[in-house]
2 protein chains.
Amino acid sequence: MLNQTALGACAPVLLIDSPAERRLPHQSRIAAHMPILLLGASRATALRIIDGCVALYRELADGRRIILDILGPGRLLGADLADIHQCKAVTLTLTSVETIDTERALASIGNAIREMLLRAQAHALLLGRKTAPERVATALLDLAHQFARKSGAPLARGRTTFTLYLTRADLADWLGLTLETVSRCLSALKRSRLIAFDRPELITITDRTALEALAAGHLHA
Amino acid sequence: MLNQTALGACAPVLLIDSPAERRLPHQSRIAAHMPILLLGASRATALRIIDGCVALYRELADGRRIILDILGPGRLLGADLADIHQCKAVTLTLTSVETIDTERALASIGNAIREMLLRAQAHALLLGRKTAPERVATALLDLAHQFARKSGAPLARGRTTFTLYLTRADLADWLGLTLETVSRCLSALKRSRLIAFDRPELITITDRTALEALAAGHLHA
DNA sequence: CGCATTTTTGATTCTTATCAAGACGAGTGG
DNA sequence: CCACTCGTCTTGATAAGAATCAAAAATGCG
């Protein structure tokens with residue numbers, strides 16, 4: 001059972017572990033920058049993100065950190081979905097979640113694991129073989145897909161705007177870069193008019209086609 | 001059903017797709033460097049590697065390639081275990097496989113997917129945050145674990161020898177490096193007496209403790 | 001309105017990639 | 001049996017991309 005239920009409450013840690021007591025589904029709001037402990041020894045509980053943003057990450061003994069995945073609304077998070085002993089998760093903004101009973105939602109869990117694996121494989125290609133600008137372009141497209149403001153206009157083409165819940169440092173840890181390199185790439189994309197932003201956390205994609213070409217490795221800028 | 005059954009046969013491609021006809025389990029040997037097509041639209045078939053070595057990889061339009069995972073004896077390979085549309089697989093040596101019925105082995109498939117995800121996450125840490133020598137050390141330990149000669153002596157400490165089915169170029173594509181860098185790192189490890197090899201494809205780990213420290217990021221060589 | 005944090009930008013360094021030869025080994029055919 | 005060739009591996013010299021070091025500028029918060 002979640003150890004945190006009040007709206008807007010902000011205990012330092014949210015535990016996921018429902019040994020026997022299980023009155024699900026249950027909603028909960030978690031403040032920004034709260035660690036989520038994945039202690040589901042029973043594997044009986046998982047979370048669905050209703051709204052907000054969660055980063056799943058691992059770290060090396062000396063502090064080097066890699067963000068494995070960024071989870072937006074709809075994505076699942078639970079014991080089965082990550083290496084419990086080595087992965088950690090944090091909210092990057094105020095996040096609403098609901099607990100789901102894995103026994104009733106077996107298919108959803110299976111799909112979520114498969115999606116996780118698929119994303120991990122795509123990310124391996126990014127980390128192993130893409131240049132810094134390609135990585136940043138890929139990340140922006142992924143984030144746009146997960147966090148785009150659902151406006152009246154179709155998302156497919158034209159401008160897409162989304163809130164970037166990640167700081168430059170978070171992006172760097174996701175993309176295997178440094179925050180300075182991320183900042184330079186974002187500035188370069190802005191100068192090239194592929195994206196636009198006035199405040200650093202509100203990004204608009206202004207040329208999706210070019211951004212996709214860059215992300216796929218077809219462009220050399 | 002496998003389109004290849006004879007021992008030692010070497011058709012250019014091995015198809016995995018058993019629509020209705022299914023007399024499993026069935027063994028098969030595949031020559032080295034044969035592509036394995038993962039066409040399991042039905043998701044009803046998977047392979048278990050009995051002996052040998054398979055590389056699962058993805059590539060970018062311009063030829064950049066990343067090996068997502070190296071699969072040794074016991075590992076499973078099938079439609080559920082990779083993005084069918086974007087992943088490819090090749091044998092790196094003569095490889096024996098058996099088909100397994102996924103409906104009868106649901107738990108195995110689930111475990112295999114979870115192992116795949118866990119390994120992908122560990123690999124993301126390697127690709128995103130480890131230095132070249134750390135990557136090579138990590139790879140050698142993983143390969144030793146999957147391919148170690150089962151000798152009388154316990155594997156835990158002392159010398160471990162294994163056949164490196166990967167070329168330097170394969171290692172580079174797995175580790176997000178170039179073949180020259182891999183070769184230099186291997187030479188450096190040899191000079192430091194952490195490993196030994198006379199022929200380039202037969203590696204002996206001579207100081208497992210130091211290699212593990214390096215792989216974990218505790219050493220600075 | 002300061003103060004702390006994040007972001008941007010610049011100068012320089014360092015790791016790894018790229019380019020370039022050789023060395024080695026396995027297989028082939030004379 | 002011995003050149004010859006092809007593919008892989010090793011090693012060296014140089015270049016490039018990203019990291020590091022450093023300092024402002026912008027932003028948000030109390």
Side-chain angles (χ1 to χ4, degrees), chain A residues 10 31-33 60 62-66 92-94 126-140 163-192 195-203 214 217 219-221, chain B residues 32-33 60 62-66 92-93 126-137 139-140 163-192 195-203 214 217 219-221:
Chain A
C10 50
H33 312 298
L60 242 23
D62 61 2
R64 280 175 280 176
R65 188 177 84 129
I66 187 86
L92 297 185
T93 186
L94 176 63
L126 177 151
L127 292 171
R129 288 300 183 221
K130 288 189 183 178
T131 66
E134 287 167 1
R135 294 181 198 199
V136 172
T138 307
L140 292 176
T163 300
L164 185 64
Y165 296 117
L166 294 79
T167 65
R168 303 303 190 246
D170 291 332
L171 273 172
D173 280 342
W174 190 27
L175 304 178
L177 301 168
T178 60
L179 70 94
E180 293 95 330
T181 299
V182 169
S183 179
R184 276 184 247 271
C185 289
L186 286 170
S187 296
L189 289 173
K190 186 179 178 180
R191 238 174 298 132
S192 315
I195 65 172
F197 58 95
D198 294 316
R199 269 166 294 161
E201 79 287 1
L202 194 64
I203 308 283
L214 178 56
L219 255 51
H220 306 283
Chain B
H33 311 298
L60 240 25
D62 62 3
R64 281 176 280 177
R65 188 177 84 130
I66 187 88
L92 297 186
T93 186
L126 177 151
L127 291 171
R129 287 300 181 220
K130 288 188 183 177
T131 66
E134 287 167 0
R135 294 180 199 200
V136 172
L140 292 175
T163 301
L164 185 64
Y165 296 117
L166 295 78
T167 65
R168 304 301 190 248
D170 292 332
L171 273 172
D173 281 343
W174 191 26
L175 304 178
L177 300 169
T178 61
L179 70 94
E180 293 95 331
T181 298
V182 168
S183 179
R184 276 185 248 270
C185 289
L186 287 170
S187 296
L189 289 174
K190 187 179 177 180
R191 237 175 298 132
S192 316
I195 66 172
F197 57 94
D198 293 317
R199 268 167 293 161
E201 79 286 0
L202 193 64
I203 308 283
L214 178 56
L219 255 50
H220 307 284

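Proteins get letters first, then strands, A, B, ... in listed order; numbering begins at 1 in each.
Between the side chain of Glu180(B) and the base of dC19(C), at least one donor-acceptor pair of N or O atoms lies under 3.5 Å. Residue side chain Glu201(B) does not reach the base of dC9(D) through any donor-acceptor N/O pair under 3.5 Å, judged by distance alone.
The distance between atom CG of Leu126(A) and atom P of dA18(D), rounded to the nearest whole Å, is 12 Å. Distance CZ (Arg129(B)) to C1' (dT20(D)): 13 Å, rounded to an integer number of Å. With rounding to whole Å, Leu171(B) atom CG is found 17 Å from dA17(C) atom C1'. With rounding to whole Å, Phe197(B) atom CZ is found 17 Å from dT8(D) atom P. The nearest whole Å value for the distance from the CG atom in Leu202(A) to the P atom in dG28(D) is 11 Å. Across the protein-nucleic acid pair, Asp170(B) atom CG and dC9(D) atom C1' stand 13 Å apart, rounded to whole Å. What separates CG of Leu179(A) from C1' of dA26(D) is a distance of 15 Å, to the nearest Å. In this structure, CG of Leu175(A) is placed 18 Å from P of dG17(D), rounded to the nearest angstrom.
Although no hydrogens or angles enter the test, the distance criterion places no donor-acceptor pair under 3.5 Å between the side chain of Arg129(B) and the main chain of Arg64(A). Between the side chain of Arg168(B) and the main chain of Glu180(B), no donor-acceptor pair closer than 3.5 Å is present. Checking side-chain atoms of Ser183(B) against main-chain N and O of Leu179(B) turns up no donor-acceptor pair under 3.5 Å.
In this structure the side chain of Thr181(A) never reaches within 4.5 angstrom of the side chain of Leu175(A), judged on heavy atoms.
Close to dT10(D), at under 4.0 Å from its OP1 or OP2, lies a side-chain N or O of Arg168(B). Taking side-chain N and O atoms only, Thr181(B) has a distance below 4.0 Å to OP1 or OP2 of dA17(C).
In terms of heavy-atom proximity, Gly128(B) sits nearest to Leu127(A) at CA-CD2, 4.1 Å.
Looking at heavy-atom distances under 4.0 Å, Ser187(B) makes contact with sugar-phosphate atoms alone, never a base. At a threshold of 4.0 angstrom between heavy atoms, the contacts of Asp198(A) are confined to the sugar-phosphate backbone, with no base atom among them.
The Arg184(B) side chain lies nearest to dA13(D) when the options are dT10(D), dA13(D), dA18(D). Taking the side chain of Arg199(A) as heavy atoms from C-beta on, and the options dG28(D), dT8(C), dA11(C), the nearest nucleotide is dG28(D).
Residue Thr167(A) is the one, among Leu177(B) and Thr167(A), whose nearest nucleotide of DNA chain C lies closer to the 5' end (criterion: closest heavy atom). Taking the nucleotide of DNA chain D with the nearest heavy atom to each of Pro200(A) and Thr131(A), the more 5' of the two is matched to Thr131(A).
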